[in-house]
Amino acid sequence: MQFKSMVVFNVEISPGYRRVRLTAPRAMLEARPGQFVMLRVREGIDPLLRRPFCVFDTGTFSPEYPGTPRQHYFDVLYRVVGKGTAILAALHEKDYVDVLAPLGNGFDPGDPREEKILVGGGIGLAPLYYLARELVRKSRVTAFIGGRRKEDVLCVTEFEQLGIDTYVATDDGTLGTRGLVTEVLEENLSGGEGSRAVFACGPEPMLKVVADICRRNGIRCQVSLEAHMACGMGACLGCVVKGESHTEAAPDYRCVCKEGPVFNADELSWE
Amino acid sequence: MRKPDLSVKIAGIALRNPVMTASGTFGYGEEFAEYLDLEKIGAIVTKGLSLRPRAGNPMPRILETPGGMLNAIGLQNVGIEAFLEKKVPFLRTIRTPVIVNFFGNTVEEYAALAERIDTIPEVAGVEINISCPNVRHGGIVFGTDPKAAWSVVRAVRDVTIKPIIVKLSPNVTDIVEMAQACAEADADALSLINTITGMAVDLKSRRPALANITGGLSGPAVKPIALRMVWQVARAVKLPVIGIGGITSGTDALEFILAGATAVQVGTANFMSPGASQRIAEEMEKWLRENGVADVKELIGTLRV
């Protein structure tokens with residue numbers, strides 16, 4: 001669907017990272033974890049294209065106006081990286097954006113008896129909180145959160161408030177274990193047993209290692225990918241990734257926007 | 001005032017209004033059905049087809065630039081057989097003309113594909129792509145040499161009775177010469193412009209921003225070039241012209257009509273907003289009503305110079 005959204009708040013949660021709350025129609029509450037939105041952050045032709053963002057959370061709140069009913073919203077967690085996100089960062093309460101949502105496939109929560117393991121790197125945490133909220137209702141959930149420095153480690157408190165065991169790693173050791181989040185993950189996985197499922201989002205090198213660890217341990221792994229995209233609905237073919245069986249003669253390209261952004265790690269070529 | 005008449009005819013295809021969707025920016029129509037009424041636009045031009053499926057170029061394939069975007073998709077497509085099986089069933093349900101854009105590596109391939117498409121009753125017309133800048137074959141060879149263009153159009157003409165639109169490349173010294181060659185080969189209409197070859201550099205990595213190094217520039221940034229070429233071609237050849245290039249509003253579209261276009265195609269604007277083509281048709285109608293123009297056809301080529 002397409003709708004106009006009003007900014008409820010737009011705050012910095014860590015240097016360079018922000019959380020924006022946007023009003024939404026009721027149907028947005030049905031968005032599945034891992035789905036995304038395309039935001040037009042300003043009228044006109046600059047920026048020309050919409051920007052894709054994961055759904056970080058959805059819910060309802062009571063507006064401060066007398067007699068008004070509860071209002072539905074969704075949240076987006078974003079890092080200020082370029083022109084589009086800089087404009088988004090400058091939006092104030094009561095500004096409007098134009099939204100296409102919800103887009104993409106979302107995570108498959110899988111069998112609730114499995115232990116659910118979330119792995120997020122930097123802004124890759126964005127789709128995992130909404131997923132965690134759903135998963136904790138039925139399953140045991142553990143989260144591994146990584147970043148370069150402590151500023152890049154997001155929402156640890158939110159995860160802990162859900163009652164999730166949360167492990168943190170930073171490259172420079174300013175928060176949690178010094179090192180890569182994938183090292184902490186691997187160490188932890190090797191000790192565990194029982195049926196498990198991994199859900200990961202973050203920089204590509206991290207996803208590649210997570211996919212490899214899962215493959216070696218026989219654990220199903222879903223990854224949420226990020227890509228430059230123009231349309232968000234499978235038309236421009238600008239955001240494809242190579243599928244596992246891809247060859248030049250028999251192309252196997254998958255649209256991140258339409259067939260993803262969530263893929264089973266073993267469906268993709270990690271070359 | 002009565003509702004203005006927006007209908008036009010392109011190569012014998014009756015359009016309820018002059019707004020078509022540009023190939024490669026609207027998928028196969030179905031992707032956009034949720035966001036607009038497909039029966040409120042003039043025609044759907046589908047993503048460029050080849051005989052066999054095509055992989056396309058490596059990533060990254062797109063980049064936003066000031067007022068536009070570069071793309072080097074590389075004609076990735078499902079191929080004619082998958083088109084028939086998976087895309088035509090939906091298109092059949094829409095009461096809007098479907099125009100199939102297609103390309104080949106050789107004159108023979110163009111002809112073979114045209115022959116195949118000729119047997120699909122759901123297809124109102126074909127648009128020959130001789131202008132994709134992002135693959136060595138698959139178009140641009142034929143799009144920059146008038147003799148080669150003539151051969152392709154004539155070969156297609158020989159095997160199909162469907163109306164033929166030829167999509168021209170702006171990456172030539174003299175687009176009028178190309179247009180004339182297509183007219184001599186008995187094309188029914190011309191659409192222009194395809195994207196303009198460009199590139200972008202990422203200073204930080206010191207690499208080209210696109211894996212293909214160069215890409216095709218589209219969007220509002222190219223509109224002045226497109227208008228100039230439409231004006232030149234419409235004056236020089238008798239065939240109806242479909243104007244393409246950076247159209248994002250009804251006034252943009254009407255500017256192309258004044259310059260000599262009979263219809264227009266909306267491309268990059270579909271990415272900006274999936275309902276853009278319907279909105280543009282509505283804005284055209286509003287302008288005509290407000291300016292006392294009863295029929296959009298009265299405006300074609302009436303630029304005061």
Side-chain angles (χ1 to χ4, degrees), chain A residues 1-4 27 38-52 81-84 87 97-103 204 225-243 245-259 268-269 271, chain B residues 21-36 46-48 52-79 209-210 215 218-221 223 246 248-249 252 267-276 279:
Chain A
M1 61 187 153
Q2 184 171 9
F3 56 89
K4 296 262 187 244
M38 290 288 274
L39 298 186
R40 167 162 289 286
V41 293
R42 187 156 82 187
E43 294 282 317
I45 61 163
D46 186 29
L48 191 76
L49 302 172
R50 292 164 186 269
R51 298 292 189 268
V81 286
K83 189 198 281 175
I87 294 167
V97 295
D98 190 81
V99 187
L100 300 178
L103 303 169
E204 204 180 303
L225 302 184
E226 184 178 46
H228 280 284
M229 53 183 72
C231 69
M233 52 194 66
C236 74
L237 306 180
C239 66
V240 298
V241 285
K242 283 178 189 161
S245 76
H246 179 88
T247 61
E248 189 59 31
D252 175 19
Y253 273 124
R254 319 281 178 93
C255 260
V256 170
C257 67
K258 191 85 183 177
E259 292 156 275
L268 300 177
S269 161
E271 302 284 291
Chain B
T21 58
S23 176
T25 65
F26 205 66
Y28 301 93
E30 193 169 4
E31 296 88 337
F32 286 72
E34 176 188 348
Y35 299 100
L36 79 164
T46 54
K47 169 79 183 161
R52 275 166 289 282
R54 239 189 107 97
N57 288 330
M59 294 287 289
R61 292 175 168 186
I62 57 168
L63 180 79
E64 182 169 325
T65 58
M69 63 178 281
L70 283 168
N71 87 79
I73 307 301
L75 295 173
Q76 178 183 342
N77 80 95
V78 297
L210 298 178
S218 65
K223 197 185 104 184
T248 65
S249 69
D252 285 344
T268 303
N270 296 318
F271 300 152
M272 299 163 64
S273 209
R279 172 181 53 79

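Because the structure is a prediction, the values reported are computed rather than measured.
- Interface check for chain A: of the options B:Ile62, B:Asn270, B:Thr268, the most heavy-atom pairs under 4.5 Å are formed by B:Ile62.
- The shortest heavy-atom contact between B:Gly27 and A:Ala235 is N-CB, 3.6 Å.
- Contact annotation for B:Met59: only side-chain heavy atoms (C-beta onward) come within less than 4.5 Å of a heavy atom of chain A.
- Atom OG of B:Ser218 is separated from atom CG of A:Leu48 by 7.5 Å, given to the nearest 0.5 angstrom.
- Taking A:Gly44, A:Ala230, A:Cys231, A:Cys239 one by one and counting their heavy-atom pairs under 4.5 Å with chain B, the maximum is reached by A:Ala230.
- Of the residues considered (A:Lys258, A:Met233, A:Met229, A:His228), A:Met233 shows the highest number of contacts with chain B, using heavy-atom pairs under 4.5 Å.
- Comparing A:Asp46, A:Val240, A:Asp252, A:Thr247 by heavy-atom pairs within less than 4.5 Å of chain B, the highest count is held by A:Val240.
- Proximity to chain A (any heavy atom under 4.5 Å) is shown, for B:Ser273, by both the backbone and the side chain.
- When B:Pro53, B:Gly275, B:Pro274 are compared by the number of non-hydrogen pairs under 4.5 Å with chain A, B:Pro274 comes out ahead.
- Both the backbone and the side chain of B:Glu31 have a heavy atom closer than 4.5 Å to some heavy atom of chain A.
- Annotation: maximal heavy-atom pairing with chain B below 4.5 Å, among A:Arg51, A:Lys83, A:Met38, occurs at A:Arg51.
- Note on A:Asp98, A:Leu237, A:Leu100: by heavy-atom pairs under 4.5 Å with chain B, the leading option is A:Leu237.
- A distance-only check finds no donor-acceptor pair linking the side chain of B:Glu64 to the backbone of A:Pro47 [under 3.5 Å].
- Here the closest heavy-atom approach between residue A:Tyr253 and residue B:Pro58 is recorded as OH-CA, 4.0 Å.
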